[in-house]
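Report on the structure given below.
Position 1 is the first residue of the sequence; numbering continues from there. Both backbone and side-chain heavy atoms feed into the values below; hydrogens, waters and symmetry mates do not.
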Amino acid sequence: MTMDLFAATGEMAALPEILVPGAMVLRGHATADTAAVLAALDGVFAAAPFRHMVTPGGCRMSVAMTNCGAYGWITDKTGYRYDRIDPESGRDWPPMPSPLLRLATRAAAQAGYGGFVPDACLINRYVPGTRLSLHQDKDEMDFTAPIVSVSLGLPATFLFGGMRRVDAAQRVPLWHGDVVVWGGPARLRYHGVLPLKAGSHVLLGEQRINLTFRKAT
Ligand code: MD6
Ligand code: FE
């Protein structure tokens, strides 16, 4: 097990930071994958551009979203769901590039969730001022699979709450390359992102990109 902490980058890796049982932050776990991941994302964004989806309540989301993988998470006036088809293009979502799939599987294994094979990757883009209100991820069929969340670009403050929306939330700073893995008893906890602070990241500029890998089906 200890050796795995060195395998990802060939360098010392920080020990996982446990948020609550089942949820942890792997600091810098994706840093060495940055170039390959950003190159692969260019193709995804060309095939399925970011868009602002509408919640069932009729509100336009401030976070821009797209997806890759066999399934994509979408919201519209009729509800939240996973769909094989991108409603903007009428075509399948672009496939999950192998550098993304490998990163997600490796991070999950590092966190103790071996055999994670995501079939969906939701990609969120935040610009300064953009936030994501407290929510649970519960549109997946199988809550035994974890979620793997990769932060790229500007730092953000992640809110990590309890099983009820009103429960007090921890504030977790997330930087470029950090990976949060989230499953087991923590899988249905409320969480969100505070409004992004202004700034410029050396590679990504004035934005934060978050990848969340899920097993939708
Ligand atoms: C974000 N993340 O970090 C939004 N959900 O931009 C999520 O909503 C999320 O990071 C489930 C598990 C991990 C996450
Ligand atoms: Fe979420």
Side-chain angles (χ1 to χ4, degrees), residues 8-9 11-20 23-55 59-68 72-73 75 97 99-100 103-104 106-107 110-111 121-137 147-161 168-182 189-214:
T9 62
E11 296 170 34
M12 279 288 282
L15 289 168
E17 287 176 29
I18 309 297
L19 298 175
V20 294
M24 69 208 75
V25 183
L26 307 175
R27 293 285 174 201
H29 186 86
T31 307
D33 302 86
T34 300
V37 167
L38 292 179
L41 286 176
D42 278 343
V44 171
F45 299 158
F50 282 108
R51 78 290 306 268
H52 293 273
M53 298 188 203
V54 174
T55 66
C59 296
R60 173 187 185 268
M61 295 189 74
S62 70
V63 179
M65 297 180 170
T66 187
N67 292 275
C68 61
W73 185 86
T75 175
L100 274 66
L103 166 60
R106 188 187 76 210
Q110 179 81 255
C121 176
L122 171 65
I123 305 168
N124 293 327
R125 185 185 66 197
Y126 300 75
V127 296
T130 304
R131 62 191 286 267
L132 189 63
S133 55
L134 283 178
H135 66 278
Q136 292 172 295
D137 288 16
I147 293 177
V148 171
S149 168
V150 177
S151 291
L152 300 170
L154 286 176
T157 302
F158 193 55
L159 288 176
F160 184 70
Q170 301 182 50
R171 292 173 174 222
V172 182
L174 294 178
W175 286 279
H176 177 86
D178 289 348
V179 179
V180 182
V181 183
W182 178 295
R189 284 192 174 243
Y190 277 88
H191 57 281
V193 179
L194 287 181
L196 199 75
K197 288 191 177 149
S200 184
H201 183 267
V202 63
L203 292 173
L204 280 143
E206 298 178 5
Q207 61 179 340
R208 169 175 183 261
I209 303 280
N210 174 259
L211 315 174
T212 51
F213 296 90
R214 298 107 184 274

Can you tell me how far [atom2] of [Y] sits from [atom1] of [X], rounded to the nearest 0.5 angstrom?
| X | Y | atom1 | atom2 | answer |
| --- | --- | --- | --- | --- |
| His52 | Thr130 | NE2 | OG1 | 7.5 Å |
| Ile123 | Asn67 | CD1 | CG | 7.0 Å |
| Leu154 | Ile209 | CG | CD1 | 10.0 Å |
| Phe50 | Gln207 | CZ | CD | 7.0 Å |
| Leu26 | Leu15 | CG | CG | 10.5 Å |
| Thr212 | Leu122 | OG1 | CG | 4.0 Å |

Taking C-beta and beyond as the side chain, do [X] and [Y] meet within less than 4.5 Å on heavy atoms?
| X | Y | answer |
| --- | --- | --- |
| Cys68 | Pro97 | yes |
| Val37 | Leu211 | yes |
| Arg171 | Leu159 | yes |
| Val179 | Gln110 | no |
| Met61 | Thr55 | yes |
| Leu38 | Leu152 | yes |
| Arg51 | Thr66 | yes |

Audit row: Leu19, Val25, side chain to side chain contact (heavy atoms under 4.5 Å, CB included) steps and yes/no: CA-CA 7 Å; Leu19 298 175; Val25 183; 4.0 Å; yes

Could you pull out the closest heavy-atom pair between [X] and [Y], with the gap in Å?
| X | Y | value |
| --- | --- | --- |
| Phe158 | Leu174 | CB-CD1, 3.6 Å |
| His176 | Thr34 | NE2-OG1, 3.1 Å |
| Asp33 | Leu103 | OD1-CD1, 3.9 Å |
| Thr31 | Gly177 | OG1-CA, 3.7 Å |
| Val193 | Ala156 | CG1-CB, 4.0 Å |
| Arg189 | Gly161 | NH1-O, 2.9 Å |

For Arg214, salt bridge (Lys or Arg N to Asp or Glu O under 4.0 Å) partners two or more places apart: Asp137, Glu140

Residue list, side-chain contact (heavy atoms from CB on, under 4.5 Å) with Gln136, at least two apart or on another chain: Lys138, Leu188, Tyr190

Any donor-acceptor pair under 3.5 Å from [X] side chain to [Y] backbone:
| X | Y | value |
| --- | --- | --- |
| Ser149 | Val180 | no |
| Asp178 | Gly28 | yes |
| His135 | His191 | yes |

Asn210 and Tyr126: CA distance, side-chain angles, deciding distance, side chain to side chain contact (heavy atoms under 4.5 Å, CB included) verdict: CA-CA 8 Å; Asn210 174 259; Tyr126 300 75; 4.2 Å; yes

Chi angles and distances behind the side chain to side chain contact (heavy atoms under 4.5 Å, CB included) call for Leu100, Leu41: CA-CA 9 Å; Leu100 274 66; Leu41 286 176; 3.9 Å; yes

Test side-chain hydrogen bond (donor to acceptor under 3.5 Å, both in side chains) applied to Trp182 - qualifying residues, sequence neighbours left out: none

Criterion side chain to side chain donor-acceptor pair (under 3.5 Å) on Ser62 and Arg131, from CA distance to verdict: CA-CA 7 Å; Ser62 70; Arg131 62 191 286 267; over 6 Å; no

Val20 and Gln170: CA distance, side-chain angles, deciding distance, side chain to side chain contact (heavy atoms under 4.5 Å, CB included) verdict: CA-CA 10 Å; Val20 294; Gln170 301 182 50; 3.8 Å; yes

